[in-house]
A.B. asks: 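Below is one structure. I have some questions about it.
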Amino acid sequence: MRQLILFLILISSLSSFAQDCDCTSNFEWAKETFEKNDAGYAFVLEKKGRPAYDQHNATFTEKISNITGSPECTQAIYEWLTFFRSGHLSIRSIAQGNNEGDASASDEQIIDQFKDWEKVEVDVSAYKKYLAAKKEPDFEGVWLSGAYEIGIKKVGDGYLGFIIKADGVYWTESQIKLRIKNDNSATYYMQDHSGRNFTDVHLLGANYLKMGFITLE
């Protein structure tokens, strides 16, 4: 436990870099630190297998190579960590002069900060039945991104992505996580709810949805 606490304190400092942070080097540092210090690393690796871990690392190495901003980097490394314990690890920004909030804020304060975030109410069970009956793939579906389970539903001319499962602190059920417009541009809201705009959203086969450095599966 002491090693894990130390690791979380260290990794939270990743977000204190400037907007043009070197995300690749930060990721490599985080990866090496976790592998050497986390007590559960070997157990998870044995359970899930080395090939799965190697593929996970390859996916995130490619994703992170295109990231230049600190918030995006922090989010990506958090998503990488969920391979080990989804929902039991967190990274909070300690950067000064940004809008990511106070690193000393409690979970209750963070929940209160975002409690009025826009929501869309969806009967998830009925929606999954609707999806199972669809024959042609499109953006609609239930997608995964790290610890997030996100439903995407066509609303009007575009699509809304809403939280099905998340950390329960920064994001809670039914909150809108992303928007896709009818021109295939999108806004994706990061852990701190800041929006990242992308000019192209597209499917990779039937199992992956990509927008900028964000990949849902």
Side-chain angles (χ1 to χ4, degrees), residues 44 47-48 52 55-56 59-60 63 71-72 74-92 107-198 200-217:
V44 175
K47 181 179 179 181
K48 294 189 175 182
Q55 181 58 53
H56 182 71
T59 298
F60 275 87
K63 175 187 289 190
E72 295 95 331
T74 304
Q75 176 65 25
I77 294 174
Y78 168 75
E79 292 178 4
W80 175 81
L81 282 168
T82 61
F83 181 88
F84 300 96
R85 283 185 298 283
S86 177
H88 294 277
L89 295 169
S90 64
I91 303 174
R92 294 182 186 174
D107 288 351
E108 290 75 15
Q109 288 172 317
I110 295 169
I111 292 170
D112 186 66
Q113 179 182 356
F114 298 121
K115 66 182 174 62
D116 294 325
W117 190 260
E118 186 177 357
K119 295 183 177 182
V120 56
E121 299 297 335
V122 176
D123 183 328
V124 174
S125 178
Y127 188 59
K128 288 182 176 180
K129 291 180 181 179
Y130 157 77
L131 292 172
K134 290 191 68 168
K135 296 181 179 180
E136 296 297 326
D138 59 9
F139 297 149
E140 285 196 317
V142 175
W143 302 90
L144 300 178
S145 177
Y148 301 119
E149 183 176 344
I150 303 169
I152 297 182
K153 179 178 176 63
K154 187 171 178 59
V155 178
D157 293 333
Y159 296 84
L160 288 180
F162 56 94
I163 292 294
I164 297 176
K165 294 180 182 177
D167 57 19
V169 178
Y170 287 90
W171 289 95
T172 56
E173 184 177 343
S174 300
Q175 290 183 328
I176 292 177
K177 181 67 172 169
L178 63 91
R179 303 173 189 271
I180 302 174
K181 298 180 181 179
N182 59 4
D183 62 356
N184 278 14
S185 64
T187 300
Y188 184 92
Y189 300 101
M190 307 300 291
Q191 184 186 49
D192 65 350
H193 291 236
S194 61
R196 295 294 178 270
N197 297 318
F198 304 107
D200 180 45
V201 181
H202 57 277
L203 294 172
L204 301 176
N207 299 318
Y208 297 92
L209 189 156
K210 185 172 178 59
M211 57 185 84
F213 59 84
I214 303 293
T215 301
L216 309 182
E217 58 184 46

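These values consider heavy atoms only, across backbone and side chains, with no hydrogens, waters or symmetry-generated copies. Note that the numbering runs from 1 along the sequence shown for the chain.
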A.B. asks: In sequence, state the C-alpha distance, the side-chain angles, and the governing distance for F139 and N184, and then conclude on side-chain contact (heavy atoms from CB on, under 4.5 Å).
C.D. replies: CA-CA 10 Å; F139 297 149; N184 278 14; 3.7 Å; yes
A.B. asks: Quick one: closest heavy-atom pair of S145 and Y188, and the distance?
C.D. replies: OG-OH, 3.8 Å
A.B. asks: Could you grab the distance from atom OH of Y148 to atom CD1 of I164, nearest 0.5 Å is fine?
C.D. replies: 14.5 Å
A.B. asks: Count the heavy atoms belonging to other residues, nucleotides or ligands that lie under 6.0 Å from CG of D157, then report whether that count exceeds 12.
C.D. replies: no
A.B. asks: Under the 3.5 angstrom rule, does the side chain of K115 hit a backbone N or O of W117 as a donor-acceptor pair?
C.D. replies: no
A.B. asks: Would D167 and Q191 satisfy side-chain contact (heavy atoms from CB on, under 4.5 Å), going step by step from the backbone distance to the final call?
C.D. replies: CA-CA 10 Å; D167 57 19; Q191 184 186 49; 4.2 Å; yes
A.B. asks: More than 12 heavy atoms of other residues, nucleotides or ligands under 6.0 Å from NZ of K165: is that the case?
C.D. replies: no
A.B. asks: Looking at CZ of F162 and CD of Q175, how far apart are the two atoms once the value is rounded to the nearest 0.5 Å?
C.D. replies: 13.0 Å
A.B. asks: Under 3.5 Å, is there a donor-acceptor pair between the side chain of H193 and the main chain of Y170?
C.D. replies: yes
A.B. asks: When the ring planes of W80 and F84 are compared, do they come out parallel, tilted or perpendicular, using 30° and 60° as the limits?
C.D. replies: perpendicular
A.B. asks: Taking E140 as the fixed residue, which of K134, K153, K154 is the one that meets the side-chain hydrogen bond (donor to acceptor under 3.5 Å, both in side chains) rule?
C.D. replies: K134
A.B. asks: Taking K177 for the side chain and Y189 for the main chain, is one N or O donor matched with an acceptor at less than 3.5 Å?
C.D. replies: yes
A.B. asks: For residues A126 and D123, report the shortest heavy-atom separation together with the two atoms involved.
C.D. replies: N-OD1, 3.1 Å
A.B. asks: Going by heavy atoms in the side chains, are D200 and H202 under 4.5 Å from each other?
C.D. replies: yes
A.B. asks: Measure the spacing between CD1 of I176 and CD1 of I150 and express it to the nearest 0.5 Å.
C.D. replies: 12.5 Å
A.B. asks: Identify the two heavy atoms, one from L203 and one from G205, that lie closest to each other, and give their separation to 0.1 Å.
C.D. replies: CB-O, 3.5 Å
A.B. asks: Got E79 and K63 here, is their nearest side-chain heavy-atom distance under 4.5 Å?
C.D. replies: yes
A.B. asks: Where is the tightest heavy-atom contact between P137 and K135, given as atom of each residue plus distance?
C.D. replies: CD-O, 3.8 Å
A.B. asks: Kindly determine whether T59 and T215 satisfy side-chain contact (heavy atoms from CB on, under 4.5 Å), including the steps that lead there.
C.D. replies: CA-CA 9 Å; T59 298; T215 301; 5.9 Å; no
A.B. asks: Could you report the tightest heavy-atom contact between Y159 and D138, atom names first, then the distance?
C.D. replies: OH-OD2, 3.8 Å
A.B. asks: So, for V201 and A186, which heavy atoms are closest and what is the spacing to 0.1 Å?
C.D. replies: CG2-CB, 3.3 Å
A.B. asks: State the CG-CG distance between L144 and L209, to the nearest 0.5 angstrom.
C.D. replies: 12.0 Å
A.B. asks: K128 and E149: salt bridge (charged side-chain N to carboxylate O under 4.0 Å, His left out), yes or no, with the steps?
C.D. replies: CA-CA 13 Å; K128 288 182 176 180; E149 183 176 344; 3.5 Å; yes
A.B. asks: Rounded to the nearest 0.5 Å, what separates atom CZ in F83 from atom CD in Q55?
C.D. replies: 10.5 Å
A.B. asks: Is a donor on one side and an acceptor on the other found under 3.5 Å between the side chain of W171 and the backbone of M190?
C.D. replies: yes
A.B. asks: Report the residue from T187, I163, I152 that forms a side chain to side chain contact (heavy atoms under 4.5 Å, CB included) with L178.
C.D. replies: I152
